[in-house]
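In what follows, chains carry the letters A, B, and so on, assigned in the order in which the sequence lines appear, proteins first and then strands, with residues in each chain numbered from 1. Worth knowing before you read on, the calculation uses all heavy atoms, side chains too, and leaves out hydrogens, waters and symmetry mates. Please read all numbers here as calculations on a predicted model, not as lab measurements.
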There are 2 protein chains.
Amino acid sequence: MPKRKEKKISESTIHRLSIYYRLLSALEKEGAATVSSRELAKKEKLTPAQVRKDLSFFGSFGTRGLGYPVKELREKIAKILGLNRAWNVAVVGIGNIGSALVSYKEFQRQGFFIRAIFDNDLRKIGSGHKGVAVSDVKNLREELKANAVDLAIISVPASAAQALVDEVVAAGVRAILNFAPISLKVPDNVSLRNENMSMELEQLSYFLVNGNG
Amino acid sequence: MPKRKEKKISESTIHRLSIYYRLLSALEKEGAATVSSRELAKKEKLTPAQVRKDLSFFGSFGTRGLGYPVKELREKIAKILGLNRAWNVAVVGIGNIGSALVSYKEFQRQGFFIRAIFDNDLRKIGSGHKGVAVSDVKNLREELKANAVDLAIISVPASAAQALVDEVVAAGVRAILNFAPISLKVPDNVSLRNENMSMELEQLSYFLVNGNG
DNA sequence: GAATGTGAAGGTTTTCACAGCA
DNA sequence: TGCTGTGAAAACCTTCACATTC
């Protein structure tokens, strides 16, 4: 069996893959057959070399002299990112942010389907959000398993987040998107991303004070 | 006049400053007087050297053998990030996400005050959200100026985003947080950050498919 | 001719390791 | 002794430049 070449792909490359995916989806809709690294780069203020290098980590998708085939490249990237399948998502905490996420149509469009919603507020439990019933957070573990949830979104207050994440991890979920403004501890085999909107504003605040550049 | 030493501070450092700020706020509430780089690092899975290096770009805030004074360091970072003052924020587009942001208490807590809300939906215009009236997006430019808005949050569909951002920039706003899943063009003197929640899930999807690490 | 794919160069960020100070 | 502050080294990421292919 040939040994797989174990190249470490950087987070920035994965992030840009996501960007290319969005650009290619748009190009495909417009009917473009091919696109060059230069064209892709210009749309996002990247360099052509960066685009080519990013793609080259995963294979040789282009044709010299011509560029990349839009449809095929989009499909290849979809496969790399795992977007060629549906993912089951749970939203833990259906407050302001949780509600907004449940209604966010972009998720479905990219193959992320919200299968379960949890809260600890008795007034919310049992009610429906976009066709999904709100479950008692006490049943978190069983229901995550019952719904084969792949990915959990944590949108509860900071004080409640770690305990719930521990439950989520215990249920076997291996990817977590955290909106609580706190640093969560997860085992090494679990992926965690933090979305802290105050911190985004703070970055902007820094540039307002210190100049942008 | 002494020439200011022009050191370029990396985005990662600014991002971590925001993290330190949060940790220090918590430590201050707990009554801690000092904290070492090792303690700060451990809470966020960073290295002590990283913490010290980050802080050293802005001055020598610590005491050898002792660590950093919690209260003073928090105040210093607040000043660096521009959090020692209030910022006027506008929310452009009061759909699911816009509504959630207006209700997000963390913003106020960090000194970001929502002073204006805009939409193009006549049913929404005139209604109030958390004490702020929704204005017609047609009046964007005047109202941004009238409210001395420093920072705009774009939470409209992708198709409407660029035109509105052009207006926002024309009104003199120099910092934009964009939730629309599209790449926006702004002049060099305007700071732009993108918050694309689908892309966050796509990063997680990649790690689910390819393994985490 | 046009554009990819990729080693090598260049640049940036992180980590090391230790002098220096409380 | 304990911990900071910081040059130097190492690791990492981006850009260059060109051989290669269509």
Side-chain angles (χ1 to χ4, degrees), chain A residues 5-20 23-24 27 32-77 80 203 206 212-213, chain B residues 5-20 23-24 27 32-77 80 203 206 212-213:
Chain A
K5 189 164 42 167
E6 237 0 297
K7 264 273 187 45
K8 179 74 188 329
I9 312 289
S10 80
E11 286 219 4
S12 325
T13 291
I14 304 305
H15 178 83
R16 284 189 299 266
L17 238 42
S18 227
I19 293 177
Y20 306 148
L23 293 177
L24 290 161
L27 283 166
T34 61
V35 66
S36 67
S37 59
R38 188 174 36 74
E39 291 171 281
L40 282 175
K42 198 165 57 178
K43 287 179 194 285
E44 296 283 340
K45 280 229 206 147
L46 302 168
T47 64
Q50 175 102 102
V51 173
R52 294 200 300 276
K53 185 66 106 187
D54 283 340
L55 296 175
S56 78
F57 290 130
F58 301 95
S60 297
F61 305 133
T63 308
R64 287 161 201 238
L66 236 179
Y68 299 92
V70 169
K71 185 163 179 294
E72 280 85 340
L73 184 57
R74 189 190 59 67
E75 285 165 359
K76 286 271 207 274
I77 294 179
I80 295 165
Q203 308 297 295
Y206 172 83
N212 180 25
Chain B
K5 188 163 43 168
E6 237 359 294
K7 263 276 189 43
K8 178 76 188 330
I9 310 290
S10 81
E11 286 220 5
S12 326
T13 292
I14 305 305
H15 178 83
R16 284 189 299 266
L17 238 41
S18 227
I19 294 176
Y20 305 149
L23 293 177
L24 289 162
L27 284 166
T34 60
V35 66
S36 67
S37 58
R38 187 173 36 75
E39 290 171 282
L40 282 175
K42 198 166 56 179
K43 287 178 193 287
E44 296 283 340
K45 279 229 206 148
L46 302 168
T47 65
Q50 175 91 268
V51 174
R52 294 200 299 275
K53 185 68 105 185
D54 283 340
L55 297 175
S56 77
F57 290 130
F58 301 95
S60 296
F61 305 134
T63 308
R64 289 164 200 236
L66 235 179
Y68 299 92
V70 170
K71 184 162 179 296
E72 280 86 340
L73 184 57
R74 190 191 59 68
E75 285 166 358
K76 286 270 207 279
I77 295 179
I80 294 165
Q203 308 296 296
Y206 171 83
N212 180 25

B:Ile14 side chain reached by B:Glu11 side chain, heavy atoms, under 4.5 Å: no
Without decimals, in angstroms, what is the distance between A:Phe58 CZ and C:dT6 P? 14 Å
Contacts of B:Ser36 and A:Glu11 projected onto DNA chain D by closest heavy atom; the upstream (5') one is B:Ser36
Rounded to whole angstrom units, what separation is found between the CG atom of A:Leu66 and the C1' atom of D:dT21? 11 Å
Let me know the distance between CG of A:Leu55 and P of C:dA3, rounded to the nearest Å. 16 Å
B:Ile19 backbone acceptor or donor facing B:Glu44 side chain under 3.5 Å: no
Heteroatom pairs (N/O) under 3.5 angstrom, protein to nucleotides 16-19 of chain C:
residue	atom	partner	partner atom	Å
C:dA17	N6	B:Arg52	NH2	3.3

Distances under 3.5 Å between nitrogen or oxygen atoms of protein and nucleotides 9-11 of chain D:
none

Tell me what A:Ser37 touches on the nucleic acid: a base, only sugar-phosphate, or nothing, going by heavy atoms under 4.0 Å. sugar-phosphate
Using whole Å, report how far CZ of B:Arg38 lies from C1' of D:dT1. 13 Å
Can you tell me how far P of C:dT15 sits from CZ of B:Arg16, to the nearest Å? 8 Å
Short question: side chain of B:Glu39, backbone of B:Ser36 - any donor-acceptor pair under 3.5 Å? yes
Heavy-atom side-chain contact between B:Leu17 and B:Phe58 under 4.5 Å: yes
Output yes when at least one side-chain N/O atom of B:Tyr68 is less than 4.0 Å from OP1 or OP2 of C:dA22, else no. no
Find which nucleotide of DNA chain C each of A:Gly59 and A:Gly65 is nearest to by heavy atoms, and output the residue with the more 5' nucleotide. A:Gly65
Apply salt bridge (charged side-chain N to carboxylate O under 4.0 Å, His left out) to B:Arg52 and list each qualifying residue two or more places apart in sequence or on a separate chain. none
Tell me, do A:Leu55 and A:Tyr20 make a side-chain contact under 4.5 Å, heavy atoms counted? yes
Side-chain donor or acceptor of A:Ser10 paired with backbone N/O of A:Thr13 under 3.5 Å: yes
Interatomic distance where CG belongs to A:Leu73 and C1' belongs to C:dA3 [whole Å]: 14 Å
Could you tell me how far apart B:Ile14 (CD1) and C:dT13 (C1') are, to the nearest whole angstrom? 14 Å
Interatomic distance where CD belongs to B:Gln50 and C1' belongs to D:dT6 [whole Å]: 14 Å
Taking side chain as C-beta onward, heavy atoms only, is A:Ile9 less than 4.5 Å from B:Tyr206? yes
Donor-acceptor pair, side chain of B:Thr47 and main chain of B:Gln50, under 3.5 angstrom: yes
